[in-house]
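Values below: all heavy atoms of this structure, side chains included; hydrogens, waters and symmetry mates excluded. Just so it is clear, the model here is predicted, and its values are computed rather than measured.
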Amino acid sequence: MPNEARPSTGEQAKQHALARLRQAIAHGEMAPAQRLVENELAEQFGVTRASIRAALIDLEAQGLVERIRNRGSRVRVVTVEEAVAITECRMVLEGLCAAKAAVAADDEQLTVLADLGAAMTKAVADGEPVTYSALNHELHDRIREFSGQQTAVELLERLNAQLVRHRFQLALRPGRPQQSLSEHLAMIEAIGARDPQAAEAAVRAHLTSVIDALRD
């Protein structure tokens with residue numbers, strides 16, 4: 001939104017700040033434990049401190065920000081055990097989405113998934129873990145989108161935003177892309193075969209592997 005058209009106060013300003021902050025945290029642009037200074041954020045986003053404060057309250061409720069007494073707000077640190085617990089919840093919701101996608105996806109959408117699988121295979125062969133990580137996230141996003149299960153999608157967005165640091169570290173761990181590639185291809189194959197039970201089982205197997213890797 002151009003600066004001149006951006007509201008500096010009110011609900012629209014709060015929503016603008018909220019969206020920008022959520023994106024920055026989800027993409028790792030703001031590190032765990034990083035202090036969130038209201039004055040600096042207000043200037044950066046072109047809104048009032050009140051709008052920033054309201055956005056931070058919402059982010060605290062979503063588990064992305066924590067308030068430290070007499071020290072203000074910071075990006076919440078998610079421990080390994082919390083990451084495991086969140087991934088266990090993802091397992092149920094993403095399994096549901098995969099099962100739904102196996103039934104609901106049309107031929108064009110199945111082609112999108114197959115193309116992502118091919119691109120992921122190439123990224124592993126070329127030794128490009130950052131590219132593989134981006135494709136990994138896109139695959140999960142597309143499966144959720146094609147499921148049509150909007151409630152699960154919204155819940156997963158909140159859960160996944162809290163896992164950004166752990167997911168990034170896993171993506172760069174030597175050997176991890178090679179291990180997870182076959183798991184992702186199994187998910188794509190099951191959805192393409194329109195087998196909801198196999199699709200859900202493939203997602204659960206993949207996320208069980210993620211939990212094992214988090215605990216290593």
Is any side-chain heavy atom of [X] closer than 4.5 Å to a side-chain heavy atom of [Y]?
X	Y	result
Thr151	Leu155	yes
Glu94	Leu156	yes
Asn39	Arg49	yes
Met30	Leu41	yes
Ser180	Tyr132	yes
Leu170	His166	no
Leu159	Leu93	yes
Leu56	Arg67	yes

Nearest-0.5 Å distance, [atom1] of residue [X] to [atom2] of residue [Y]:
X	Y	atom1	atom2	answer
Ile57	Ser73	CD1	OG	8.5 Å
Thr208	Glu88	OG1	CD	9.0 Å
Arg90	Arg204	CZ	CZ	13.0 Å
Thr131	Lys122	OG1	NZ	8.5 Å
Ser182	Met187	OG	CE	11.5 Å
Thr48	Glu43	OG1	CD	13.5 Å

Does [X] share a hydrophobic cluster with [Y], counting links as ILVMFWY side-chain heavy atoms below 4.5 Å and allowing steps through other members?
X	Y	answer
Ile143	Leu185	yes
Ile188	Leu181	yes
Met91	Val84	yes
Leu21	Leu18	yes
Val92	Ile86	no

Kindly assign one of parallel, tilted or perpendicular to the pair His206 and His184, based on the angle between their ring planes and the thresholds 30° and 60°. tilted

Taking side-chain contact (heavy atoms from CB on, under 4.5 Å) as the definition, give me every residue that meets it alongside Glu82, ordered by chain and number, with sequence neighbours left out. Arg76, Val78, Thr79

Please output the side-chain donor-acceptor pairs of residues 109-118 that fall under 3.5 Å, not counting sequence neighbours, one pair per line with the distance.
residue: Gln109; atom: OE1; partner: Asp106; partner atom: N; Å: 3.0
residue: Thr111; atom: OG1; partner: Asp107; partner atom: O; Å: 3.1

Charged N to carboxylate O under 4.0 angstrom, Arg176 versus Glu183? yes

Ion pair check, Glu154 and Arg158, cut-off under 4.0 Å: no

Specify the closest pair of heavy atoms between [X] and [Y], including all atoms of both residues, with the distance to one decimal.
X	Y	result
Ala17	Val47	CB-CG2, 4.3 Å
Pro196	Val103	CG-CG2, 4.1 Å
Gln62	Gln162	O-NE2, 3.5 Å
Ser51	Ala13	OG-CB, 3.5 Å
Glu157	Arg22	O-NH2, 3.8 Å
Lys14	Ala55	CG-N, 3.7 Å

Side-chain (Ser133) to main-chain (Val130) donor-acceptor, under 3.5 angstrom: no

Can you confirm whether more than 12 heavy atoms, excluding those of Glu108, are under 6.0 Å from its CD atom? no

Using a cut-off of 6.0 Å, state whether more than 12 heavy atoms not belonging to Glu38 lie near its atom CD. yes

For the pair Glu66 and Arg74, evaluate side-chain contact (heavy atoms from CB on, under 4.5 Å) and give the outcome as yes or no after the intermediate values. CA-CA 6 Å; Glu66 58 186 351; Arg74 70 176 188 177; 2.6 Å; yes

Ile211 and Leu207: CA distance, side-chain angles, deciding distance, side-chain contact (heavy atoms from CB on, under 4.5 Å) verdict: CA-CA 6 Å; Ile211 288 172; Leu207 291 177; 5.6 Å; no

Run the side-chain contact (heavy atoms from CB on, under 4.5 Å) check on Val65 and Ile25 step by step: do they pass? CA-CA 9 Å; Val65 165; Ile25 294 170; 4.1 Å; yes

